[in-house]
Every structure is written in structure tokens, then in C-alpha cells.
Number of protein chains: 2
Amino acid sequence: MVAVTPTNTSRRAAPRPVDKFDRRRDELAESALTTLGELGYARASLREIAGNSPFSHGVVHYYFDDKLELVIYSIRYYKARCVTRYDAVVRDSTSPAELVEAFAAKLAQTIRDEAPMHRLWYDLRIQSMFEEPLREAITEIDGTLQAMIWRVVDRYATLSGRPPSVNASAAYGMLDGLFQQALLAYATLGDEVLDGLATQVRAVLPLLVR
Amino acid sequence: MVAVTPTNTSRRAAPRPVDKFDRRRDELAESALTTLGELGYARASLREIAGNSPFSHGVVHYYFDDKLELVIYSIRYYKARCVTRYDAVVRDSTSPAELVEAFAAKLAQTIRDEAPMHRLWYDLRIQSMFEEPLREAITEIDGTLQAMIWRVVDRYATLSGRPPSVNASAAYGMLDGLFQQALLAYATLGDEVLDGLATQVRAVLPLLVR
DNA sequence: GCCTGAGCTTGACACTTGTCAAGAGATGTT
DNA sequence: AACATCTCTTGACAAGTGTCAAGCTCAGGC
């Protein structure tokens, strides 16, 4: 044993299917995301995660060193897909008003479609304040999210012909605050909060340019 | 047994010291807050909490039905004290600029002095999305925090002689977002982020009035 | 046909958790 | 002094945790 099993992080020394190993990791990540999104970081056990996958609980340690590596891999896997969410909005809008509408609608749709993923994200971000090993990955992802939001605000400024009134960090902090507030209310009140979010965004975006 | 121990929530049927029971609850809440602030909701066990108190782990169930009641009681106990934090700022400021400075300074000081309490608050608020029993208390406290922030913004508007440009919910969402962002960065970078927070607040408050 | 090793399952381990019952001390009333 | 009740400690329980070792299954190379 010991050296036979593929030591996970350093990959297998394996043959042909160059990334069959990676594909399984992605598959496990997908299952993990489902469970984590439902139960949160603390309450999602590896057995539960494996239970929502085609595999048994032991397999997790075949592909990941420990729970933390699985969780970090999973959230990275998810966020890699989702940081481009607003790029179409930025690309296709031709007027400030159009961009505001498209952005507001996309934010609301994000909550409607992927609330569990986002409460997981906020859960992990908070946990990173308690658990140092999470911090690096979280910080990095948070940076890409800030850049994503800034592309929207910057484009809005350009279309308006006015300069931004706050920097990227402040813009992200404020809009993320609004989004999180809406997500929180969504847990209790459901769909009815989404219009409110759109209204707030319509009111706030104009404040972010001079 | 069964009916002898004071059934906790319904109180003891006890004698004179009308609130000795309540004082112990407060004492336990204080210890619980220390531990919860250090470890977070998920990792703070009742044994650890009791370990940071003058009592043994069994005593918790003498004063509280279960862990959840202790946690909710504790966070309420804390927030009851802290929702008045900015009242002096509101009361004593006589110009918009003065209020902005006092508010910004107080926000930064809050992070410096009570970071663990606030990351606990955010932790619990997020957990309330996964654990329904937490929701009611969290929602209520969040409302009082929003009112607290609104008193500041409203006062700022009055002093400026201009009406607010957003409603209470949006103002709270945005400022809370900035605060949380600073708290998060504070965990990694320490004191140096606090000036940044003050700068952001100076830039943002003026945007909240017309 | 046998062997090897990757992929996966099973079952166990050491440990922690919330909870609670039994009972010891303390306190104060009668 | 005796009693009852409050207060608190101790020790146990069952359930659940992450982890990991042993071994099963099966495809591919000799």
C-alpha cells in the first residue's frame, strides 16, 4: 500500500485516459456541490456527499486528500463557470438603461436558479475567517468576483459617458451586500424579493458614476 | 425527575432571587460568545463553551433546552447591547462632515475591537439559510441593525439638507456589504484595512443623499 | 490463463458531538 | 436538626464524524 494508491494531489502515474482521474474529481465535485448547497459546509458529511453520488463514501479519499481539498476543489470548480455570468450583459448592452435592466434581471435570475450555490459560497467565505486553510482559495475567488462586477460597473460608466464614483472594491462590496441581503430574504420570502432586488439595483447603479 | 428540574424555558418556579436564573444564563451567554466568536457556530461544542466558563458541560442543559437556544440567547444578548453603538454619533454630530468622520471611525473601531463577535454574527446569519430554527431570531436582529444604520443615514440626510437617495433596506445592504468586506480582509491583512474602510465610507455616504 | 494494478466497496478505527440521568453539595426554610 | 429544592458535576449513551486499511472486481498486457 502507501505508495500504490495514487497519492491524490500528485495525481496517478497512470496510462492513457489522461484525465479520467480528473473527470472523476469533477463528477465528485458536482455531487459535493449539491449536498453542500443543501446542507452547508458544516453539516455536509462525506457520507452524505457520497450518498448523492454514484459512489461509496470511501472513494472520496481515493480522489481527494481530505474533506477540505474536496470542498475547495468543488467551489473552485463551480466559480470557474460562474464568473462569466455577466459577460454577455456587458457585451450586448448598448445603453446605460439597457445595461441596468439586463444586469438587474440577471442578478434576480441568479438567485432564482442557483440560490443553494450562492449560500454555499457565502458560507465558505465566512468559514474562511475561522478556518485559515480555506482563506487562500476564497480570497482568490473573491478577487475574480470583484473583477466580474467591476466589468459591469466600468461598462456602465463608459456607456454613460461618466467616470465611476467609487473604486472596484467599494462597488463590489456594496453590490455584493445587496445581493446577499436579497439571497437571505429569498430564503424566507421566496420569489417576491426578486423584484425588490431589481429595483434596488436600478437605484444604486446610477450612484456609482458621477 | 422530569418535572423537578426547572424545564428551562418555562423558568424555575423558584423563590426570591427573581433573576439569579437569568443572571446565570447571561453568564453562560458571555462564555458562549467568547467561544463562538473564536471557533464559529459549527465548531464550538458545548464542552468547549463550558470549558471557557466557570462551569461544567452539563450545566448548559440546566439553563438551556439545547444548543440552539443557547446560541440564539447569546447572540440576542450581544446584539441588544450593540445596536446602540452609533447612537452617540447620530446625537453628537452637528455637520455632515462630522457625522461621516465619526461614523467611519466608529465602524473601523468596531472591527478592531470586536471582530470575533461580528464574524460570529455573519456566520449565524448565513447558517440561518440552512437551519430554519435560527431564522426568526436572525431576521429580527437584522431588522434592528437596519434601523440602526438608517438612523445614521437619515441623520446625515437631515444635516445635509438633502433627502436620502435610497431606502433603508438598500442603505443597510450596501453599508453592511462594505463592513463585511472589511471584516473579511481584516482576518488576513489586519489593521491596515481599516483606513480603507473609512475611506470607502467617506466616498459612499454622500452617494446616499441626493 | 494468469497477473497486475486501477477503481471502488466495505467495514472498522478513534474521536467528537449533543443530550441526559444520577447523584453530590449547597442553600435556606421550617 | 431535618428537609426540600436549587445548583452543579460526573459519567454515560447513541449517533455521527473524518479517515484509512483491507480486499473485491474487472480490464489489459504478457
How long is the gap from CG on B:Leu183 to CD on B:Gln180, to the nearest 0.5 Å?
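The CD atom of B:Gln180 is 7.5 Å from CG of B:Leu183, to the nearest 0.5 Å.
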Establish, with yes or no, whether the OP1 or OP2 oxygen of [N] is under 4.0 angstrom from a side-chain nitrogen or oxygen of [X].
X: A:Ser45; N: D:dG16; result: no
X: A:Tyr62; N: C:dG7; result: yes
X: A:Tyr63; N: C:dC8; result: yes
X: B:Arg24; N: D:dC8; result: yes

How close or far is atom [atom2] of [N] from atom [atom1] of [X], stated in whole angstroms?
X: A:Leu28; N: C:dT9; atom1: CG; atom2: C1'; answer: 14 Å
X: A:Phe64; N: C:dG7; atom1: CZ; atom2: P; answer: 14 Å
X: B:His57; N: D:dC13; atom1: NE2; atom2: P; answer: 13 Å
X: A:Glu131; N: D:dG18; atom1: CD; atom2: P; answer: 12 Å
X: B:Asp22; N: D:dC6; atom1: CG; atom2: C1'; answer: 15 Å
X: A:Phe55; N: C:dT9; atom1: CZ; atom2: C1'; answer: 12 Å

Can you say whether a donor on the side chain of B:Arg47 sits under 3.5 Å from an acceptor on the base of C:dT19, or the other way round?
yes
Using a strict 4.0 Å threshold on nitrogen-to-oxygen distance, state whether B:Lys106 and B:Asp87 make a salt bridge.
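B:Asp87 and B:Lys106: not salt-bridged.
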A:Tyr86 vs A:Phe103 aromatic rings, parallel, tilted or perpendicular, using cut-offs 30° and 60°?
perpendicular
Cation-pi check, B:Arg43 to A:Phe130: give yes when NZ or CZ is under 6.0 Å from the six-membered ring centre and within 45° of the ring axis, no otherwise.
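Output no; distance or angle outside limits.
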Assign B:Ser56 to base, sugar-phosphate, or nothing according to its heavy-atom contacts below 4.0 angstrom with the strands shown.
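Result for B:Ser56 = base.
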